[in-house]
Amino acid sequence: MLDLNLIRTQPDTVKHAVRVRQDPALVTKVDEILALDQQRRDLLKEVEALKAERNLVSKEIGRMKDAAAREAKIAEQRRVNERIDALDKQVAEVDARLFDLLSVLPNIPDPRTPEGAGEEDNVLLKTVGEPKTFDFIPLPHWELGPRLGLIDFERGTKLSGSRFYVLQGAGARLQRALIAWMLDLHIRQGYTEMYLPFMVKSDIVFGAGQLPKFRDNLYHDAEEDFWMVPTAEIPLTGLHKDEILEPGALPKYYCAYTPCFRREKIAAGRDVRGIKRGHQFDKVEMYIFCRPEESDEALETMREHAEETCAQLGLTYRVKQLCTADIGFSARMTYDIEVWAPGCGEWLEVSSVSNVGDFQARRINTRFRREAGAKPEFPHTLNGSGLGLPRTLIAVMENYQQKDGSIVVPEVLRPWMGGIEVIR
RNA sequence: GGAGGGAUGGCCGAGUGGACUAAGGCGGUUGUCUUGAAAACAACUGUGGGCAUACGCUCACCGGGGGUUCGAAUCCCUCUCCCUCCGCCA
């Protein structure tokens with residue numbers, strides 16, 4: 001949610017923002033917002049004056065002794081109330097329309113986010129390591145997995161249809177090892193581990209910026225107000241809803257493992273092979289609440305933490321900065337981290353690290369005080385995957401495969417693999 | 001799932017239609033006193049919105065939403081959450 005006051009005072013900044021996001025249709029919505037805002041303030045001026053008058057007169061009536069005069073006043077008040085009711089109704093309508101419009105405006109990109117027309121304009125910042133070379137033809141994970149009994153696609157489909165799979169034996173264990181290792185790494189990096197609800201209420205999903213825009217990409221319960229989380233970012237954003245954090249509480253570093261549920265309403269044939277894109281996947285997420293002036297640095301720190309995860313796994317990765325057309329709805333600036341998967345021959349996006357500014361904090365109403373008695377301010381929030389599991393699993397399997405079809409378990413994961421060094 | 005009891009400010013807690021401008025206490029901030037501290041005393045101490053250059057004025061908020069009334073923390077409806085008991089369950 002953008003600050004209405006910002007829209008009022010700097011409408012051109014906001015219009016420029018939606019243009020560079022390649023969403024020019026929103027420009028007219030900014031003008032609509034400005035008109036509604038003016039209308040709202042005019043209405044408030046009138047109705048609040050009437051209410052002030054009503055409050056005074058009501059007290060007067062309470063003190064009046066003369067029955068006839070009292071009745072006359074009451075009758076007069078009834079007429080005033082009709083006017084107040086009518087105005088209140090108009091205010092409510094304007095408020096609702098204003099809220100709907102504000103809800104669909106995306107965040108303003110950071111000035112350092114490069115302008116671009118699409119994902120082809122994302123900027124490659126660096127590549128760490130060389131794509132691994134093999135003296136044999138490396139297999140894609142969809143062949144390695146079933147061959148070693150790690151992935152069972154048929155039974156996944158039997159249970160839940162397309163884009164579902166079963167991990168079994170050392171495959172399931174390897175994923176669990178990755179999750180446990182990542183969480184422990186993040187704890188060492190200073191994050192507090194959280195175990196969160198995997199279903200959350202509408203207002204929480206709204207607060208993170210997924211509603212109303214991404215409604216179609218989410219699973220929700222038909223009877224209760226529950227949404228299956230598409231990422232731990234949603235419940236983490238909601239943790240401090242309606243709270244004013246005490247001085248000294250920031251920064252807060254959280255990490256959490258959750259499954260993620262996404263409807264993925266994309267072309268039926270795209271990315272169906274393997275476990276790259278499913279309706280359910282696991283992810284370890286990092287999240288930071290900090291003071292506004294700290295968020296630039298926090299973004300770099302979080303990016304380093306995500307990179308560290310790739311590096312310690314011995315994976316070749318590259319870092320991209322997303323352009324204005326490709327950053328998410330809530331984001332101001334985003335780095336994507338991609339790892340090289342030699343079997344399927346692709347760079348796989350395993351992490352997306354974003355500075356959201358105060359956009360989510362406004363939506364979810366989380367504030368903080370710099371010192372006792374100071375005015376509450378909105379903190380900045382950042383989120384980053386550390387990392388998405390199926391794609392990390394793909395990269396590990398494909399990079400650590402050997403000529404005989406076995407897979408070496410990366411050093412750092414062995415404590416969670418019961419000492420298994422090679423999966424055969 | 002059933003029955004009953006609750007939800008008031010940072011915290012505790014009073015408040016069953018008009019002085020609620022929410023009592024009182026605790027906590028907090030500032031001041032007086034003190035060499036300093038404690039104690040005592042005094043003042044201040046919520047959030048959001050509108051108006052105003054400003055001192056400030058004003059509206060809304062007593063779990064959420066709706067209603068009754070000239071007037072609601074208080075009465076009515078409804079939802080949510082918490083507590084107690086029963087049932088069921090991992």
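Residue numbering restarts at 1 for every chain, and letters A, B, ... go by the order of the sequence lines.
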> Which residue pairs pass the ring pair (Phe, Tyr, Trp, His ring centres under 6.0 Å) test with at least one member in residues 84-118 of chain A, sequence neighbours excluded?
Replying inline: A/F99-A/F206
> Can you name the side-chain hydrogen bond (donor to acceptor under 3.5 Å, both in side chains) partners of A/T258, sequence neighbours left out?
Replying inline: none
> Applying side chain to side chain donor-acceptor pair (under 3.5 Å), which residue pairs with at least one partner in residues 99-108 of chain A are found, sequence neighbours left out?
Replying inline: none
>> Tell me every residue that passes salt bridge (Lys or Arg N to Asp or Glu O under 4.0 Å) with A/K276, counting only those two or more places apart in sequence or in another chain.
In response: A/D271, A/E346
>> Near RNA chain B, counting only heavy atoms under 4.0 Å, which residues of residues 31-44 of chain A show up?
In response: A/R40, A/R41, A/L44
> A/P251: what forms a side chain to side chain contact (heavy atoms under 4.5 Å, CB included) with it, not counting sequence neighbours?
Replying inline: A/Y253, A/C290, A/E294
> Counting only Watson-Crick or G-U wobble pairs whose two distances fall under 3.5 Å, which nucleotide matches B/rG1?
Replying inline: B/rC86
>> I'd like to check the side chain to side chain contact (heavy atoms under 4.5 Å, CB included) partners of A/E71; sequence neighbours left out, ordered by chain and number.
In response: A/I74
> Going 5' to 3' on RNA chain B, which nucleotide is the first and which the last to come under 4.0 Å of a heavy atom in chain A?
Replying inline: B/rG18 to B/rG71
> Which parts of residues 73-87 of chain A get close to RNA chain B, meaning a heavy atom less than 4.0 angstrom away?
Replying inline: A/I74, A/Q77, A/R78, A/N81
> Can you name the residues that form a salt bridge (Lys or Arg N to Asp or Glu O under 4.0 Å) with A/E82, not counting sequence neighbours?
Replying inline: none
>> Among residues at least two apart in sequence or on other chains, which ones pass side chain to side chain contact (heavy atoms under 4.5 Å, CB included) with A/R97?
In response: A/L36
>> Applying side chain to side chain contact (heavy atoms under 4.5 Å, CB included), can you list everything that pairs with A/T157, at least two apart in sequence or on another chain?
In response: none
> Pick the nucleotide of RNA chain B nearest each of A/V47 and A/R63; which residue has the one closer to the 5' end?
Replying inline: A/R63
